[in-house]
> 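Below: one structure in structure tokens.
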Amino acid sequence: MRLLLTVNGRTSDLDVQPGATLLHVLREQLQLTGTKEGCVEGECGACTVLIDGGPVDSCLYAAHAAEGREVTTIEGVGEMGEMSTLQEAMIKAGGVQCGFCTPGFIMTITALLDESPDPTTDEIKTALAGNICRCTGYSQIINAIEETLGGTA
């Protein structure tokens with residue numbers, strides 16, 4: 001099946017199998033491997049991308065459902081190969097350990113900050129409820145977000 005998919009501002013005309021997930025198309029057909037395959041059950045958040053600015057688990061999202069919508073992956077965050085303020089803060093605060101979950105966290109928080117530029121700590125924790133990290137213990141990630149905001153939330 002044909003699919004016109006717009007990812008990070010670029011439109012691609014793809015031949016996609018019926019039932020293919022957005023995660024599969026991003027990683028296997030578009031070679032955008034920053035989005036990670038974790039649990040493939042929508043529980044870990046490693047595969048989080050933005051659809052029209054909102055976070056979704058791409059492992060569960062049908063690729064064809066993304067037609068006509070704007071998909072943003074971790075490769076689309078930042079400017080011209082530069083890291084976003086949030087990405088830099090994640091490194092500085094030690095919110096990146098093994099790095100596997102990091103793209104999903106960044107996409108989730110990018111969506112939160114676009115919707116609510118000055119979230120409280122509780123709003124940050126609620127937004128991150130669908131993202132799992134097995135390395136950091138979360139405090140460094142929350143610290144990075146608060147650093148991005150210029151202080152504490």
Side-chain angles (χ1 to χ4, degrees), residues 1-93 95-119 123-136 138 140-142 144-145 148-149:
M1 297 176 69
R2 302 306 298 169
L3 172 63
L4 283 176
L5 187 62
T6 303
V7 180
N8 302 328
R10 300 177 80 178
T11 301
S12 300
D13 185 4
L14 304 166
D15 185 23
V16 176
Q17 293 294 317
T21 65
L22 182 57
L23 175 64
H24 176 81
V25 170
L26 292 172
R27 291 184 58 82
E28 304 301 325
Q29 291 187 255
L30 295 177
Q31 306 304 304
L32 295 171
T33 58
T35 303
K36 304 303 182 200
E37 181 178 320
C39 67
V40 195
E41 295 178 355
E43 296 292 329
C44 74
C47 68
T48 303
V49 299
L50 305 182
I51 302 285
D52 295 334
V56 300
D57 293 323
S58 64
C59 70
L60 299 177
Y61 199 89
H64 283 90
E67 189 161 37
R69 305 183 79 186
E70 178 61 39
V71 179
T72 306
T73 69
I74 190 68
E75 290 89 350
V77 175
E79 304 258 344
M80 298 295 280
E82 298 292 322
M83 288 189 287
S84 70
T85 304
L86 177 58
Q87 288 170 305
E88 290 175 356
M90 287 282 281
I91 293 168
K92 182 179 175 186
V96 175
Q97 300 265 324
C98 80
F100 190 81
C101 67
T102 304
F105 273 93
I106 289 179
M107 300 311 293
T108 298
I109 294 305
T110 296
L112 172 65
L113 296 177
D114 285 347
E115 181 179 308
S116 177
D118 193 22
E123 289 171 327
I124 293 168
K125 289 177 180 179
T126 297
L128 294 179
N131 294 80
I132 295 174
C133 177
R134 301 191 192 294
C135 301
T136 67
Y138 300 94
Q140 298 96 317
I141 295 169
I142 292 170
I145 297 161
T148 301
L149 298 172

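Just so you know, these numbers come straight off a predicted model, no measurement behind them. Note that these values count all heavy atoms, side chains included, but never hydrogens, waters or copies made by symmetry.
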> Could you state the interatomic distance from OG1 (Thr11) to CD (Glu67), rounded to the nearest 0.5 Å?
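One gets 10.0 Å once the value is rounded to the nearest 0.5 Å.
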> With a sphere of 6.0 Å drawn around CZ of Arg134, does it hold more than 12 non-hydrogen atoms of other residues, nucleotides or ligands?
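Not more than 12 within 6.0 Å, no.
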> Checking the side chain of Asn8 only, and the main-chain atoms of Thr73 only, is there a donor and an acceptor separated by less than 3.5 Å?
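Judged by distance alone, yes, a pair lies under 3.5 Å.
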> Report the distance from atom CD of Glu79 to atom OG1 of Thr85, rounding to the nearest 0.5 Å.
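Interatomic distance, Glu79 CD to Thr85 OG1, rounded to 0.5 Å: 9.5 Å.
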> To the nearest 0.5 Å, what is the distance between SG (Cys59) and CD (Glu43)?
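Interatomic distance, Cys59 SG to Glu43 CD, rounded to 0.5 Å: 9.0 Å.
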> Please round to the nearest 0.5 Å and tell me the distance separating atom CG of Leu22 and atom NE2 of His64.
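Leu22 atom CG to His64 atom NE2 measures 11.5 Å (nearest 0.5 Å).
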> Evaluate the criterion side-chain contact (heavy atoms from CB on, under 4.5 Å) for residue pair Leu113 and Leu149; output intermediate values, then yes/no.
CA-CA 9 Å; Leu113 296 177; Leu149 298 172; 3.7 Å; yes
> Checking Ile109 against Asn131 for the side-chain contact (heavy atoms from CB on, under 4.5 Å) test, could you report, in this order, the C-alpha distance in whole Å, the side-chain angles of both residues, the deciding distance, and whether it holds?
CA-CA 10 Å; Ile109 294 305; Asn131 294 80; over 6 Å; no
> Quick check: closest heavy atoms across Thr33 and Glu75, and the distance to 0.1 Å?
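Heavy-atom minimum between the residues: N-OE2, 3.3 Å.
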> What's the shortest heavy-atom distance between Ala46 and Phe100, and which atoms?
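So the minimum-distance heavy-atom pair works out to CB-CE2, 3.9 Å.
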> Would you say CD of Glu123 has more than 12 non-hydrogen atoms from neighbouring residues, nucleotides or ligands within 6.0 angstrom?
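For Glu123, atom CD is crowded (more than 12 foreign heavy atoms under 6.0 Å).
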> Of the non-hydrogen atoms in Asp57 and Gly42, which two are nearest, and what is the gap between them?
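That closest heavy-atom pairing would be OD2-O, 3.1 Å.
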> Could you state the interatomic distance from CD (Glu115) to OG1 (Thr110), rounded to the nearest 0.5 Å?
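Reported value, rounded in 0.5 Å steps: 13.0 Å.
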> What's the verdict on side-chain contact (heavy atoms from CB on, under 4.5 Å) for Gln140 and Met90, showing C-alpha distance, side-chain angles and the deciding distance?
CA-CA 8 Å; Gln140 298 96 317; Met90 287 282 281; over 6 Å; no
> Only one of Val49, Ile51, Thr21 forms a side chain to side chain contact (heavy atoms under 4.5 Å, CB included) with Tyr61, so which one is it?
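So the option named by the test is Ile51.
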> With a 4.5 Å heavy-atom cut-off, do Leu14 and Leu30 have their side chains touching?
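Yes - at least one pair of side-chain heavy atoms lies under 4.5 Å apart.
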> Could you state the interatomic distance from CG (Leu128) to CD1 (Ile145), rounded to the nearest 0.5 Å?
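Interatomic distance, Leu128 CG to Ile145 CD1, rounded to 0.5 Å: 4.5 Å.
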> Any pair with a residue in residues 82-92 that passes salt bridge (charged side-chain N to carboxylate O under 4.0 Å, His left out), sequence neighbours left out, goes on the list, sorted by first then second residue, please.
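Counting only pairs at least two positions apart or across chains, the salt bridge (charged side-chain N to carboxylate O under 4.0 Å, His left out) contacts touching residues 82-92 are Lys92-Glu147.
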> Looking at Gln29, Arg2, His24, Met1, which hits side chain to side chain contact (heavy atoms under 4.5 Å, CB included) with Val16?
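So the option named by the test is Gln29.
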> Considering all heavy atoms of both residues, which atom of Thr72 and which atom of Met107 are nearest to each other, and what is their separation?
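Distance-wise, the nearest heavy atoms are O-CE, 3.3 Å.
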> Taking the side chain as every heavy atom from C-beta outward, state whether Ile74 and Leu32 have any pair of such atoms under 4.5 Å apart.
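Side-chain contact under 4.5 Å: no.
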> Might you point out which heavy atoms bring Ala89 and Thr148 nearest each other, and give the distance in Å?
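For Ala89 versus Thr148, the nearest heavy atoms are CB-OG1, 3.4 Å.
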